[in-house]
Number of protein chains: 2
Amino acid sequence: MNEVSNFFKSAFSVDNIIFGFDEGDLKVLLIKRGQAPFKGLWALPGDLVYPNEDLETAANRVLDELTGLENVYLEQVRTFGAVDRHPLGRVITIAYYSLIKIADFSPHASSFAQTVKWHNVSQAQKTKLAFDHNIILNTCFNALKQKVRVRPVGFELLPPKFTLTELQHLYEAILRTKLDKRNFRKKILSMNLLIDRNELQEGVPHRPAKLYQFDKERYQQLEAEGFNFELKESTKKERRKKLAELMDNG
Amino acid sequence: MNEVSNFFKSAFSVDNIIFGFDEGDLKVLLIKRGQAPFKGLWALPGDLVYPNEDLETAANRVLDELTGLENVYLEQVRTFGAVDRHPLGRVITIAYYSLIKIADFSPHASSFAQTVKWHNVSQAQKTKLAFDHNIILNTCFNALKQKVRVRPVGFELLPPKFTLTELQHLYEAILRTKLDKRNFRKKILSMNLLIDRNELQEGVPHRPAKLYQFDKERYQQLEAEGFNFELKESTKKERRKKLAELMDNG
DNA sequence: TCAAAAGTGTTGGTCATACACCCATGA
DNA sequence: TCATGGGTGTATGACCAACACTTTTGA
């Protein structure tokens with residue numbers, strides 16, 4: 001057991017939790033397993049890491065092989081390494097999540113259609129997934145929830161031009177809360193990170209909304225100068241409730 | 001390369017960044033390497049993970065072997081897996097940090113004294129460490145900085161009873177900023193998470209301070225109810241400066 | 001009596017929240 | 001003309017930031 005060579009008998013994989021946003025819902029891309037173990041169950045896309053491959057490269061490869069997309073937002077979240085998590089041997093997995101623009105990849109159009117599918121995240125969380133993938137999905141979703149409050153990564157899930165309502169719905173889906181329309185707009189616009197394209201939606205059966213674009217360069221500049229993108233995490237009502245509880249218990 | 005068995009030739013290690021707090025400074029426990037590679041350089045404590053050992057168990061073991069401490073605050077941060085990061089082969093490492101009460105372990109008293117030493121974090125960050133340990137240390141320090149703003153983990157670094165000034169110095173050391181005494185006290189005390197022990201410091205050459213204790217049970221209860229411990233991250237002055245820059249650039 | 005740190009309140013400003021109506025379009 | 005979502009402003013209150021002097025102890 002103390003021979004160094006005895007240690008070099010493990011493998012590691014990456015799992016890449018691919019998030020998309022469509023029709024007001026946050027989605028995650030799952031694969032139906034065609035073979036044992038866990039045959040027939042939905043699983044997170046992942047693969048063993050090649051011996052000469054960096055972890056991020058592997059995560060990008062998984063994404064690329066599945067969707068054909070490259071240069072996508074990718075974030076390492078956590079490593080899962082319970083001894084018995086994989087039936088084939090000691091395999092620890094490094095979990096990443098990616099944020100993609102859902103229009104860029106639709107499994108309906110691909111030959112995978114039967115086995116690769118976008119799932120509503122809330123529903124996927126309730127479904128029994130292969131391996132320890134439920135825990136991984138929860139962890140990654142929470143990481144995204146955390147991140148989105150503190151960095152403007154939500155835009156990675158939207159098309160290049162979007163309306164403020166779409167953006168708001170995105171935040172509502174990720175934070176799982178309702179936001180006040182006027183306050184949301186005020187806050188977002190006050191950051192001066194959106195470019196008004198001076199274009200309108202077309203073909204909608206109501207007053208068309210203005211289209212905006214995220215000003216990434218400006219954000220990066222401000223970030224370098226110490227600016228912090230930040231959204232709050234609870235409504236006043238909620239905080240009041242908490243305070244009341246605090247009083248009761250104290 | 002596609003044979004599954006080819007993959008089971010890697011190893012993984014844990015590195016455990018052990019933080020302590022003393023004399024107003026945040027410290028990190030480093031080990032001087034006695035053999036190649038990187039002989040003579042300081043390194044983060046770590047070890048290969050046994051085949052039948054969970055990752056957290058391994059991180060705890062590293063801590064226990066080094067300090068004799070158990071049941072210590074431990075947090076996984078990130079996994080580092082660059083192909084060439086270890087000269088002996090493919091070894092990826094999962095980085096954890098621990099927070100310990102520095103009085104519980106002093107390497108001066110141990111036989112390690114020559115090779116295990118508390119280092120000031122700022123200085124360690126400027127020193128060349130073994131492997132990719134500079135990057136790991138920076139990442140873990142930043143994770144701690146982040147965490148401490150949002151969860152009351154700082155108390156893990158203090159003795160069970162402490163003064164408010166000690167607590168403030170701790171935050172100042174981790175956040176690397178000065179805090180206003182009155183505002184800090186107001187904020188901390190308003191959370192109702194400190195128990196006033198009705199004891200005073202003894203033998204100090206000035207007015208003795210009251211001793212407090214962190215009310216962990218109460219915190220856990222409040223947390224379960226949705227309460228959020230939260231300190232802000234920048235001073236008003238800083239934000240004003242940023243705003244001014246924003247105006248200039250906009 | 002001196003040095004050193006403990007302890008303590010108020011004010012002004014900023015920012016978050018709450019909230020309701022009119023507008024533009026396609027059907 | 002109706003249904004649908006787009007777009008807009010203000011008043012209130014909470015919280016944060018700034019700031020200086022008195023108190024208690026040991027030497």
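Per chain, numbering begins at 1; letters A, B, ... match sequence-line order. Because the structure is a prediction, the values reported are computed rather than measured.
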Q: Please report, rounded to the nearest Å, how far the P atom of C:dT25 is from the NZ atom of A:Lys210.
A: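 One finds 13 Å between P of C:dT25 and NZ of A:Lys210, rounded.
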Q: Rounded off to whole Å, could you give me the CG-to-P distance for the A:Asp180 and C:dC15 pair?
A: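 In whole Å, C:dC15 P lies 18 Å from A:Asp180 CG.
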Q: What's the closest nucleotide to the A:Arg185 side chain, out of C:dG7, C:dA24, D:dG7?
A: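 Selected nucleotide: D:dG7.
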Q: Just how far, in rounded Å, is P of D:dT1 from CZ of A:Arg207?
A: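 Distance check: A:Arg207 CZ to D:dT1 P gives 21 Å.
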Q: With distance as the sole criterion, do the side chain of A:Lys186 and the base of D:dT8 form a donor-acceptor contact below 3.5 Å?
A: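 No such pair is found, so the answer is no.
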Q: Say whether B:Glu70 and B:Asn60, considering side chains only, have a donor N or O and an acceptor N or O under 3.5 Å apart.
A: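 The answer is no; no qualifying pair exists.
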Q: Report yes or no: is there a donor-acceptor pair, N or O only, under 3.5 Å between the side chain of A:Lys187 and the base of C:dT17?
A: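 Looking at the base of C:dT17, it does not pair with any donor or acceptor on the side chain of A:Lys187 (distance under 3.5 Å).
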Q: Where each residue is assigned the nucleotide of DNA chain D containing its nearest heavy atom, which of A:His206 and A:Leu164 is assigned the position nearer the 5′ end?
A: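 Checking each residue's closest nucleotide, the 5'-ward one belongs to A:His206.
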Q: Just jot down the ring-ring contact (aromatic ring centres under 6.0 Å, His included) partners of A:His169, sequence neighbours excluded, or say none.
A: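 Not a single residue meets the ring-ring contact (aromatic ring centres under 6.0 Å, His included) criterion with A:His169.
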Q: Nearest whole angstrom, please: distance from the P of D:dG5 to the CD of A:Glu172.
A: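 Taking atom P of D:dG5 as the reference, CD of A:Glu172 is at 14 Å.
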Q: Could you state the atom-to-atom distance from CG of A:Leu211 to C1' of D:dG6 in whole Å?
A: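 The distance from CG of A:Leu211 to C1' of D:dG6 comes to 12 Å, rounded to the nearest Å.
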Q: Quick one: B:Leu189 CG to C:dA6 P, roughly how many Å, whole number?
A: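 Nearest whole value for this atom pair: 14 Å.
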Q: Expressed in angstrom and rounded to an integer, what is the separation of B:Gln168 atom CD from C:dT8 atom P?
A: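 These atoms are roughly 14 Å apart.
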Q: Could you tell me whether the side chain of B:Lys181 has a donor or acceptor atom within less than 3.5 Å of a complementary atom in the base of C:dG7?
A: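 Yes.
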Q: Applying ring-ring contact (aromatic ring centres under 6.0 Å, His included), can you list everything that pairs with B:Phe155, at least two apart in sequence or on another chain?
A: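 Per chain and number, B:Phe155 pairs via ring-ring contact (aromatic ring centres under 6.0 Å, His included) with B:Phe162, B:Phe214.
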Q: Once you round it to whole Å, what is the distance between P of D:dG7 and CG of A:Asn198?
A: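 Going from A:Asn198 (CG) to D:dG7 (P), I get 12 Å.
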Q: Map B:Asn183 and A:Arg182 onto DNA chain D by nearest heavy atom, then report which one ends up closer to the 5' terminus.
A: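 The answer here is A:Arg182.
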Q: Could you give all pairs that pass the salt bridge (charged side-chain N to carboxylate O under 4.0 Å, His left out) test and reach residues 189-198 of chain A, with sequence neighbours left out?
A: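 For residues 189-198 of chain A: A:Asp196-A:Lys210, A:Arg197-A:Glu199.
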Q: For A:Lys147, what residues pass the salt bridge (Lys or Arg N to Asp or Glu O under 4.0 Å) criterion, not counting sequence neighbours?
A: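 Counting only residues at least two positions away or on another chain, A:Lys147 forms a salt bridge (Lys or Arg N to Asp or Glu O under 4.0 Å) with A:Glu75.
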Q: The criterion is salt bridge (Lys or Arg N to Asp or Glu O under 4.0 Å); which residues satisfy it with B:Asp132, sequence neighbours excluded?
A: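 For B:Asp132, the residues satisfying salt bridge (Lys or Arg N to Asp or Glu O under 4.0 Å) (neighbours in sequence not counted) are B:Arg85.
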Q: Side chains of A:Lys186 and A:Asn183: any donor to acceptor distance under 3.5 Å?
A: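 A pair is found: one side chain offers a donor N or O, the other an acceptor, under 3.5 Å apart.
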Q: Where each pair must be Watson-Crick or G-U wobble with both distances under 3.5 Å, what dot-bracket representation of DNA chain C is obtained, with crossing pairs in [ ] and other-strand partners as |?
A: |||||||||||||||||||||||||||
Q: NA contact type, A:Thr165, heavy-atom cut-off 4.0 Å: base, sugar-phosphate, or nothing?
A: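 Here A:Thr165 touches the backbone only, sparing every base.
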